[in-house]
Amino acid sequence: MPLELLVEWTIKLLIGFVILMTTVAYLSLFERRMLGFMQMRQGPNRVGPFGLLQPVADGLKFIFKEDITPLAADKFLYVMAPALSLVPALMTFVLIPIGGEMKIPFIDRPIALHVTSVNVGVLAILAMTGMGVYGIVMAGYASNNKYSLMGGLRSSAQLVSYELAMSMSIVGVLLQAGSLDLVKIVANQGGWGGMQWHVFWFQPLGFIIFLISMVAETNRAPFDLPEAESELVAGFHTEYSSMKFAMFFIAEYANMVTASAMATVLFLGGWQGPGVAQLPLLGPFYFVAKMLFFLFLYIWLRASLPRLRYDQLMDFGWKFLLPLALINIVISATVAVVLL
Amino acid sequence: MNAVPLVTNETETLFDSDEMVLSMGPQHPSTHGVLRVVLKLDGERVIDLDCDIGYLHRGAEKIFENRLYPMIAPYFDRLDYIAAVSNGLLYVGTIERAMKIEIPPRAQYLRVILTELNRLASHLLWLATHALDIGGFTVFLWAFREREEILKIFECFFGARLTCHAFRIGGMSYDAYDGFEAQVRAFCDTFPARLEEYETMLNENRIWLGRTVGVGVITAADAISLGLSGAPLRGSGVDYDVRKTDPYECYADLDFDIPLGENGDTFDRYLIRMEEMRQSRRLVMQALDKLPGGPIMAKVPKVIKVPPGELYHSIEAPKGELGLYLVSDGGTKPYRLRVRPPSFINLGALRKMAVGSLVSDVVAVIGSLDIVLGEIDR
């Protein structure tokens with residue numbers, strides 16, 4: 001492997017990591033400010049101008065908090081769980097193309113704006129997001145707390161109900177794009193002056209199914225059953241404190257960012273948009289704007305909807321979303337054969 | 001006899017059997033204070049449950065026996081601390097009935113205005129916490145916005161926001177402040193639009209309906225035999241409201257409706273309380289229109305002595321029928337004062353309502369019963 005490529009990957013990884021962590025930190029601020037706005041209250045606005053330094057304060061506070069391990073906990077799993085939850089959440093981001101190929105001064109070849117691209121990109125991301133739930137289940141088991149255990153169980157039940165519908169909703173896109181590679185999927189949506197997005201172009205149903213399952217997949221309201229505060233106290237992370245809790249927190253928000261990025265790439269044309277062909281620099285801006293739309297949607301949902309019940313959630317996943325996703329596959333396949 | 005052992009066997013591990021005993025509370029976020037519910041679970045399904053109360057016991061009823069009649073009144077504010085005005089009305093009303101004191105109309109109307117405002121504040125807190133229990137975070141904060149308006153009025157009137165106290169045996173201790181009427185009217189003008197906001201958020205929300213319709217059902221016969229009162233009773237379609245059946249103060253002169261449910265489920269109880277808020281606002285407006293002038297205190301002896309005998313008096317508190325049983329030996333202190341706490345009796349229906357449902361439903365049902373532990377434990 002040429003050294004030059006290795007250096008490029010390392011730099012991209014570092015930049016990607018920093019961007020992701022900053023996004024996560026400011027997403028938490030954005031969420032609290034938006035919620036405050038929707039709920040007729042201020043939200044954090046004291047630390048720095050408009051509360052912009054709040055994430056820093058939060059981070060410092062997490063570090064200084066006492067790290068408690070319950071006596072009866074399974075120590076190994078208890079420590080492993082947050083890591084197992086965080087690492088896949090961070091890993092998925094390497095596959096997301098946030099822009100097209102770009103010319104950068106002093107480098108004579110075009111640089112692609114994604115860390116790496118594999119030809120089974122979609123599968124790799126699904127596999128990694130699926131792994132994140134092991135962290136939650138392990139945390140639920142290892143804490144030796146009944147609320148945690150129930151949270152962990154709920155989480156695994158939720159995963160099997162929604163992972164399937166989510167994967168099925170993506171199949172339509174794959175049929176249309178003819179590839180599992182995220183870069184090719186984005187490239188497939190470049191027509192109509194950058195507006196031939198899959199959501200307009202035969203996948204609106206798949207988009208809606210994906211949208212619902214992605215909220216369920218990331219354990220966010222109204223599907224936040226594993227950590228349902230009013231029922232399970234704090235669910236799987238009841239016993240966690242300090243940085244271990246922070247790791248779950250970061251994992252949750254990183255998953256939100258990744259899910260939003262996935263939705264953008266698969267259905268909203270990724271970095272495609274009007275004028276990108278002439279000015280490739282616009283690409284990342286389009287990408288971020290589309291991602292912000294989904295992140296806002298997450299917050300909006302949280303402010304608007306009550307929580308589903310365990311059995312209703314399973315019913316909805318198995319009896320409604322999954323059949324709908326299967327129908328979508330049939331439609332997509334027909335469309336792919338007849339029109340493409 | 002306890003249906004579930006209140007002390008869980010700690011040596012048994014979680015995985016020895018399919019059943020799990022979960023001690024929910026007293027520090028659980030949605031047990032509304034310090035209620036402890038011991039659940040016997042099979043997965044998430046509740047096989048059996050039992051309530052453990054007494055964490056807030058202050059011996060109020062015993063304290064009453066050792067206080068002069070006027071000194072007892074402030075203790076009542078601390079029973080149902082969400083509806084302190086109603087509690088105060090119950091106490092002074094009972095003593096006035098026992099002493100056969102006729103209180104001036106202005107005091108009666110002021111009492112009704114304040115009690116109905118208190119009902120609004122109590123119902124708003126119920127709505128807020130009930131919505132929060134089911135996950136409706138925004139309704140929680142919105143309802144607090146309106147409650148704040150009422151508490152501001154209370155602060156101006158009583159000098160306190162929570163343990164409001166201005167009712168004296170024989171009338172009111174002071175009259176309305178300048179601008180009281182305008183402030184109350186301003187609140188009443190904005191309130192219906194705010195109620196509609198909540199209803200937009202909840203009434204036709206599929207998730208809200210899914211979480212409340214058919215949950216925690218209690219039939220009219222069961223509700224009567226358990227002695228329920230307030231919204232849990234009326235939710236099952238039983239037309240019983242003390243304000244209509246045994247009018248006290250000036251309720252007989254005022255025009256209001258008693259909303260009734262049909263199915264006796266959580267959603268019906270929700271609808272009833274929402275409608276009750278509209279009716280309370282109507283009552284406040286009517287009482288303000290009719291508010292007479294004149295004195296606010298009747299002639300009351302300097303030393304209050306209740307003639308010997310027994311008396312039961314009850315009012316329609318926000319939580320249900322709040323009753324007081326007074327036994328007097330003719331002295332300056334009561335021989336016995338026994339409170340009939342609606343929260344306690346309504347909580348008795350929890351087992352009937354929640355066994356066989358899921359953990360999430362238990363939380364929803366506790367929310368829909370609208371209990372206050374200060375009143376249950378006393």
Side-chain angles (χ1 to χ4, degrees), chain A residues 31-32 34-43 71-72 74 140-154 157-158 212 215 220-235 238 299-316 320, chain B residues 8 10-11 13-15 20-25 27-32 39 41 43-45 128-146 148 194 197 200-202 205-215 270 357-364 366-367:
Chain A
E31 172 169 35
R32 289 161 73 184
M34 286 315 293
L35 275 182
F37 176 68
M38 291 172 187
Q39 296 171 343
M40 315 267 167
R41 63 196 171 92
Q42 289 295 317
L71 274 181
D74 185 329
Y141 167 76
S143 304
N144 195 29
N145 175 316
K146 290 169 185 173
Y147 291 116
S148 303
L149 183 71
M150 284 168 78
L153 287 175
R154 280 181 175 193
Q158 195 165 324
I212 297 171
V215 179
R220 296 282 303 176
F223 305 101
D224 55 344
L225 285 106
E227 45 189 303
E229 192 211 328
S230 56
E231 297 154 26
L232 300 184
V233 189
T238 306
I299 295 162
W300 197 8
L301 281 178
R302 182 174 167 194
S304 319
L305 294 177
R307 190 179 303 113
L308 280 155
R309 205 170 59 200
Y310 185 58
D311 57 331
Q312 292 166 345
L313 175 115
M314 308 270 277
D315 280 356
F316 188 62
F320 183 73
Chain B
T8 57
E10 293 300 336
T11 56
T13 73
L14 288 177
F15 306 102
M20 178 168 92
V21 176
L22 180 70
S23 175
M24 205 162 112
Q27 323 91 330
H28 191 277
S30 50
T31 49
H32 295 242
L39 302 167
L41 299 175
E44 292 236 356
R45 202 157 287 280
T129 51
H130 187 42
L132 185 66
D133 287 344
I134 297 182
F137 189 18
T138 301
V139 175
F140 170 73
L141 287 146
W142 284 4
F144 266 78
R145 172 187 58 185
E146 268 69 71
E148 184 62 30
R194 299 287 168 82
E197 274 180 18
T200 326
M201 291 287 282
L202 301 174
N205 188 325
R206 284 290 294 275
I207 301 178
W208 179 263
L209 291 177
R211 288 298 305 276
T212 54
V213 173
V215 170
Y270 156 77
S357 58
L358 299 168
V359 177
S360 318
D361 293 335
V362 175
V363 170
I366 293 176

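Each chain gets a letter, A, B and so on, in the order its sequence line appears, and its residues count up from 1.
Neither the backbone nor the side chain of A:Leu153 comes within contact range of chain B; no heavy atoms are under 4.5 Å apart. Within the 4.5 angstrom heavy-atom criterion, atoms from both the backbone and the side chain of B:Arg211 approach chain A.
Looking at A:Gln312, its side chain does come within 3.5 Å of a backbone N or O of B:Gly210 through a donor-acceptor pair. Checked by atom type and distance alone, the side chain of B:Ser360 never pairs as donor or acceptor with a backbone atom of A:Arg309 at under 3.5 Å. In this structure, A:Arg41 contributes its side chain and B:Leu141 its backbone to no donor-acceptor pair below 3.5 Å.
Of all the listed residues (B:Trp208, B:Phe140, B:Trp142), the one sharing the greatest number of non-hydrogen pairs under 4.5 Å with chain A is B:Trp142.
Using a 4.5 Å heavy-atom threshold, the side chains of B:Val359 and A:Tyr310 count as separate. Side-chain atoms of B:Leu22 and A:Met150, non-hydrogen and from C-beta on, do get closer than 4.5 Å to each other.
In this structure, the separation between CG on B:Asp361 and CG on A:Asp311 is 7.5 Å, given to the nearest 0.5 Å. In this structure, OG1 in B:Thr138 is found 4.0 Å from CD in A:Gln39, a value given to the nearest 0.5 Å.
Closest non-hydrogen pair, A:Tyr147 versus B:His28, comes out as OH-CD2, 3.4 Å. Across all their heavy atoms, B:Asn205 and A:Ser304 have their closest contact at ND2-O, 4.0 Å. Pairing each heavy atom of B:Ile134 with each of A:Pro306, the nearest pair is O-CB, 3.5 Å.
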